[in-house]
There are 2 protein chains.
Amino acid sequence: MADKNLQKFKDVLRSEHLKVTPQRLAVFEEVCSTDDHRDADDIYLSLKQREKAVSRATVYRTVDLLLKYNFVSRIDIEDGKWRYEHWLDCTRHDHLICVRCGNIVEFSDKNIQIREKRIAKSFDYTLVRHVLNLFGYCSDCRGK
Amino acid sequence: MADKNLQKFKDVLRSEHLKVTPQRLAVFEEVCSTDDHRDADDIYLSLKQREKAVSRATVYRTVDLLLKYNFVSRIDIEDGKWRYEHWLDCTRHDHLICVRCGNIVEFSDKNIQIREKRIAKSFDYTLVRHVLNLFGYCSDCRGK
DNA sequence: AGTTAAACGAGATTCAATCTCAATTAAATT
DNA sequence: AATTTAATTGAGATTGAATCTCGTTTAACT
């Protein structure tokens with residue numbers, strides 16, 4: 001599964017005349033290794049710890065690549081850092097974020113997506129992506 | 001209309017034992033004076049130009065206050081800056097943003113809101129706010 | 001193997017946002 | 001109306017994520 005996607009990543013790089021470098025593969029692998037939502041520095045530090053160190057600049061550059069070619073999505077929980085998650089299973093990822101503890105739950109709603117398309121059409125926009133974040137208190141944090 | 005809201009702002013400040021200062025009133029007034037989506041620096045510069053100069057720090061601080069007490073909402077068009085808009089008419093403001101020219105169209109969809117509530121409930125979260133941004137090409141930018 | 005253009009790393013830079021702290025001022029108290 | 005006090009302000013320093021620079025390295029084509 002992951003290997004298949006790694007292959008896809010390599011194919012995209014080659015077809016775009018970009019180089020297949022150990023650094024790019026390491027970042028790709030690292031991002032795909034968990035279902036967490038991690039920022040660029042988290043990824044940088046994990047790689048360092050695993051003795052696959054890649055410079056911060058390259059992490060940023062690679063993550064941008066992954067975003068551009070749709071291997072990851074980027075979410076913004078409004079704390080000033082972007083977080084990344086792999087896109088291996090093709091379901092949409094919208095987020096329900098606890099404003100106290102920062103816990104993130106994922107969901108997907110077909111019905112909302114249909115309405116979004118309708119809205120974009122009504123304003124004569126061609127939709128490319130959407131951001132839907134719900135903020136609230138999780139059951140643990142409510143009342144604290 | 002605007003005066004009524006200014007009064008409401010003063011009342012909130014007093015009830016929170018915060019001071020009613022000329023700087024705070026100037027920022028409030030400036031934010032409410034247009035329906036644009038402006039960042040903190042835009043607001044700072046407008047005030048300066050109108051010879052009602054307030055320091056950048058105070059603009060940031062006041063805008064946070066306005067956010068906290070629900071006089072403005074903050075939107076993120078993912079260019080690294082937060083933008084603010086007043087909340088004078090009580091309709092919701094979701095945004096359809098052109099990824100090329102940055103133009104912003106506002107909309108509101110009851111149906112989506114109902115589904116959001118349902119989703120939050122299903123995960124046992126208490127919803128406090130939501131962010132819904134649609135990104136696409138506007139009719140002018142499509143094809144360019 | 002040699003060539004070349006892309007990619008890398010270290011560290012500098014940018015810029016929005018936040019923080020610090022001395023001076024000022026709103027508003028409660030006498 | 002003067003005094004007290006605690007909050008607020010402004011100027012400039014600081015932070016930190018993200019980007020940029022540029023000399024060095026390396027993937028990949030011939």
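Convention: sequence-line order gives letters A, B, ...; per-chain numbering from 1.
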*Asks:* To the nearest Å, how far apart are Lys48(A) NZ and dA10(C) C1'?
*Replies:* 12 Å

*Asks:* If you round to the nearest 0.5 Å, how far is CG of Leu132(A) from NE2 of His130(A)?
*Replies:* 6.0 Å

*Asks:* Just how far, in rounded Å, is P of dA6(C) from CG of Leu65(A)?
*Replies:*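 The distance from CG of Leu65(A) to P of dA6(C) comes to 14 Å, rounded to the nearest Å.
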
*Asks:* Of all the nucleotides listed (dA28(D), dT18(C), dG9(C)), which has the minimum atom distance to the side chain of Val20(A)?
*Replies:* dA28(D)

*Asks:* Out of dA17(C), dC8(C), dT26(D), which has the shortest distance to the side chain of Ala40(B)?
*Replies:* dA17(C)

*Asks:* Answer with base, sugar-phosphate or nothing: what part of the nucleic acid does Arg56(B) contact at a heavy-atom distance below 4.0 Å?
*Replies:*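 Result for Arg56(B) = nothing.
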
*Asks:* In the structure I gave you, are the side-chain heavy atoms of Asp94(A) and Asn133(A) within less than 4.5 Å of one another anywhere?
*Replies:*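 Not touching, per the 4.5 Å side-chain cut-off.
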
*Asks:* Could you state the atom-to-atom distance from CG of Leu45(B) to C1' of dA16(C) in whole Å?
*Replies:* 13 Å

*Asks:* At less than 4.0 Å, is any side-chain N or O atom of Thr58(B) found next to OP1 or OP2 of dG10(D)? Yes or no.
*Replies:*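 Checking Thr58(B) against dG10(D): at least one side-chain N or O falls below 4.0 Å of OP1 or OP2.
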
*Asks:* Does the pair Arg100(A)/Asp140(A) count as a salt bridge with the N-to-O cut at 4.0 Å?
*Replies:*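 So Arg100(A) does not pair with Asp140(A) through a salt bridge.
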
*Asks:* In whole angstrom, what separates Arg14(B)'s CZ from dA26(C)'s P?
*Replies:*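 About 12 Å, once rounded to whole Å.
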
*Asks:* Whole-Å distance between dG10(D) C1' and Lys52(B) NZ?
*Replies:* 18 Å

*Asks:* How many whole angstroms separate atom CG of Asp64(B) from atom C1' of dT8(D)?
*Replies:*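 About 15 Å, once rounded to whole Å.
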
*Asks:* Would you mind classifying the nucleic acid contact of Lys81(B) as base, sugar-phosphate or nothing, using non-hydrogen atoms under 4.0 angstrom?
*Replies:*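 If one applies the 4.0 Å heavy-atom cut-off, Lys81(B) turns out to touch the sugar-phosphate alone, with no base involved.
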
*Asks:* Nearest whole Å is fine: how far is dA17(C) P from Asp42(B) CG?
*Replies:* 11 Å

*Asks:* Would you say a side-chain N or O of Tyr60(B) is under 4.0 Å from OP1 or OP2 of dT18(C)?
*Replies:* no

*Asks:* Of the listed nucleotides (dA11(D), dA26(C), dA10(C)), which one gets closest to any side-chain atom of Lys19(B)?
*Replies:* dA26(C)

*Asks:* Do the ring centers of Tyr125(A) and Tyr137(B) come within less than 6.0 Å of each other?
*Replies:* no

*Asks:* Whole-Å distance between dA17(C) C1' and Asp79(B) CG?
*Replies:* 14 Å

*Asks:* Which of these nucleotides, dA17(C), dG9(C), dT8(D), is closest to any side-chain atom of Arg24(B)?
*Replies:*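 Nearest listed nucleotide: dT8(D).
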
*Asks:* Of Leu18(A) and Arg61(B), whose closest DNA chain C nucleotide lies nearer the 5' terminus?
*Replies:*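 That would be Leu18(A).
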
*Asks:* Can you see if the side chain of Gln23(A) gets near the phosphate of dG9(C) - specifically, an N or O under 4.0 Å from OP1 or OP2?
*Replies:* yes

*Asks:* Just checking, Arg74(A) and Tyr84(A): is the charged tip under 6.0 Å from the six-membered ring centre and within 45° of the axis?
*Replies:*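 No cation-pi geometry.
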
*Asks:* I want to verify a distance call: between dC8(C), dG9(C), dT18(C), whose nearest atom is closest to the Thr21(A) side chain?
*Replies:* dC8(C)

